Amino acid sequence: MSNLVWQKQGVRTDERIMRFLAGSDVLLDREFFLCDIEASMAHVQGLAHIGVVDADEAAALQSELEVLADAFRAGRFVLDERYEDGHSAIEAHLTERLGDAGRKVHTGRSRNDQVLVASRLWIKQRLTELGRYCMDTASVCLRRAHEQALPLPGYTHLQRAVVSSTSMWFSGFAEGFIDNAWRARQAYDWLDANPLGTAAGYGVNLPLDRAYCTAALGFARMQVSPVYAQLSRGKFELAALEALATALLDVRRLAWDLSLFTTAEFDFVALPDEYTTGSSIMPNKRNPDVIELLRASYAPVAAARVGIEQLLSLPSGYQRDLQFSKGPLIHGFGHGLGALQLLPDLLTRMRWKPERMRAAIEASMYATDAAIEQAVAGVPFREAYQQAAQATAESGQGRTPEASLAERLSPGSSGQPMLETLASRLHEVESIWQAASGGKS
Ligand code: ARG
C-alpha cells in the first residue's frame, strides 16, 4: 500500500497491522467512489469561493476529478489495495497530475467528513432506487388488481377462511408498497443533510462555503453541528436500512405466498420459466429458487441493521469502529434492492390458475356470509354465528364465489375495492419523488 496521506517521517509501518486497519475498506470504497469524487468537486469550488485555491487551480482540479470519474467508470482506473482508501486515491491522483494544486485539495476537510458525505450521497441514491422499485411494484399490483378478480381462497392460520380474490391479493400488496415508497421518502428527507465542511468533527479555522456545497450536492439542508455530523454516522445508515427492511418484510410475505401457491398441493400460480430452476439430480423438478431467495432477502437486511447497531456503542467524535458500518450497509442494500427490482416483472408475468383456486373454495367458507346475512335480518349476531357454525356444510347452498365477492361491500373489500383511492395515493408519492428529483426520474 503506497500513498499513506498521514505518513510521518521516521515512523515505520507494519504490513500486518496496515492490512488489519484497511481490511476490505478500499474495496468497499469502490461503491462510494463516484460520490466521493462528486463531493470533492463541490469542496474544490467551495475552496475557490474563499480563495484557498485560485480559479485556475479549481478548474484544473475539477477537470482532473472528471477524468478520474470517467476512468473509474470505464474500468481504466481500478481502486484497489495500492491505496489505503478511496479518499487517499483521489488525493493521490490529483497530486500526481497537478502537483501542488492536488496537494491543496484536502484543505479544510478530513476523511471523517469525506466518508460521511460520500456515504450519505450513496444512501440517497439507494433510497431513491428503493422508492422507485416500491412504486413500480405498487403500480403493477394495482394494474393487476383492476384487471381481474378471480376467486381465491382467503386464509387465516393457513386454514381456509373466506372467499378472497386475486384482486384483493394484489391490492393488499399495492397498498403495502405505496406505504413502503412513503417510508423510503421519509427516510430520505430525514437524512438529507450535508455533513461536508465539518472536517474531523470540530470544524476548521476557515469560513468554508458550506451553504454552497450543500446546494451544489443537492442536499435539502446543512448538518449544522460538526459533533452531530459524527454522531449521525451509523444512525442514518440504520434509518435507511429500516426503510429497506420495511419493504423487504412485504417481499418476504409475498414470496411466502408464492412459494405455497406454486406447490402441487395448492397449485394456484404458474411462475414464468426464468424464475424457476432445475434440480441437479431429480429430472422431474422445477424449483422456485428465485422466490425462496426473495423470501430470504430480508435476512441480510436485518443482519445489516444488527451489524451497524452493534457498532454504535461509542463515545462522541469519530471512531474507527465506524468503518465497519460500510460492509453491512452495502451488503444489505445489495441484497434488498436486488430482490425488489425483480418484483415488477415477476408480478406482471405470474399466472393464476383459476380452476385450481376455485376448486379450493369449499362450502364452509361462506359461513361468515351466512351469519352476517342472518344478523342483518335481525338475529343477534352471536346466535346467527352459532346457527352458521352448526351448518357450515350447507352455508354454500345457492352461493357462488362471485356473488360472495360482489356483496363484500365493506369499503376496501372486493365489493368496494377503492382502487382509485390507492391510485391517487400512489400518484401522490410519485409526484413527491418526482419533484424532489427535479423531474429527472
Ligand atoms: N475508512 C475510514 C472510515 O470508513 C475513513 C475515515 C478515516 N478517518 C480516520 N480518522 N482514520 O471511517
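Note that the structure is a prediction, hence the values are computed from the model and not measured. When a residue number appears, it is its place in the shown sequence, counting from 1. Every number for a ligand or one of its atoms is a count from 1 in the order of the listing.
- Here Glu129 pairs with Arg126 in a salt bridge; the nearest charged N to carboxylate O distance falls below 4.0 Å.
- Taking the six-membered ring wherever Trp is involved, the centroid distance between the rings of Trp352 and Trp169 falls below 6.0 Å.
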Sequence neighbours left out, cut at 3.5 Å: what donor-acceptor pairs do the side chains of residues 35-44 make with other protein atoms?
residue: Asp36; atom: OD1; partner: Gln114; partner atom: NE2; Å: 3.1
residue: Asp36; atom: OD2; partner: His87; partner atom: ND1; Å: 2.6
residue: Ser40; atom: OG; partner: Asp36; partner atom: O; Å: 2.8
residue: Ser40; atom: OG; partner: Arg109; partner atom: NH1; Å: 3.0
residue: His43; atom: NE2; partner: Val105; partner atom: O; Å: 3.1
residue: His43; atom: NE2; partner: Thr107; partner atom: O; Å: 3.0

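- In this structure, Asp192 does not pair ionically with Arg221, as no charged nitrogen and carboxylate oxygen lie closer than 4.0 Å.
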Short N or O separations between ligand 1 and the protein, below 3.5 Å:
residue: ligand 1; atom: 1 (N); partner: Asp25; partner atom: OD2; Å: 2.8
residue: ligand 1; atom: 1 (N); partner: Gln323; partner atom: OE1; Å: 2.9
residue: ligand 1; atom: 4 (O); partner: Arg233; partner atom: NH2; Å: 3.0
residue: ligand 1; atom: 4 (O); partner: Lys326; partner atom: NZ; Å: 3.3
residue: ligand 1; atom: 8 (N); partner: Asn112; partner atom: OD1; Å: 2.9
residue: ligand 1; atom: 10 (N); partner: Asn112; partner atom: OD1; Å: 3.1
residue: ligand 1; atom: 12 (O); partner: Arg233; partner atom: NH1; Å: 2.8
residue: ligand 1; atom: 12 (O); partner: Tyr318; partner atom: OH; Å: 2.5

What verdict does the side-chain contact (heavy atoms from CB on, under 4.5 Å) test give for His335 and Tyr298, after you've listed the backbone C-alpha separation in whole Å, the side-chain angles of each residue and the deciding distance to 0.1 Å?
CA-CA 8 Å; His335 278 288; Tyr298 183 78; over 6 Å; no

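- Classification of Arg73 and Asp70 as a salt-bridged pair holds, one side-chain N sitting under 4.0 Å from a carboxylate O.
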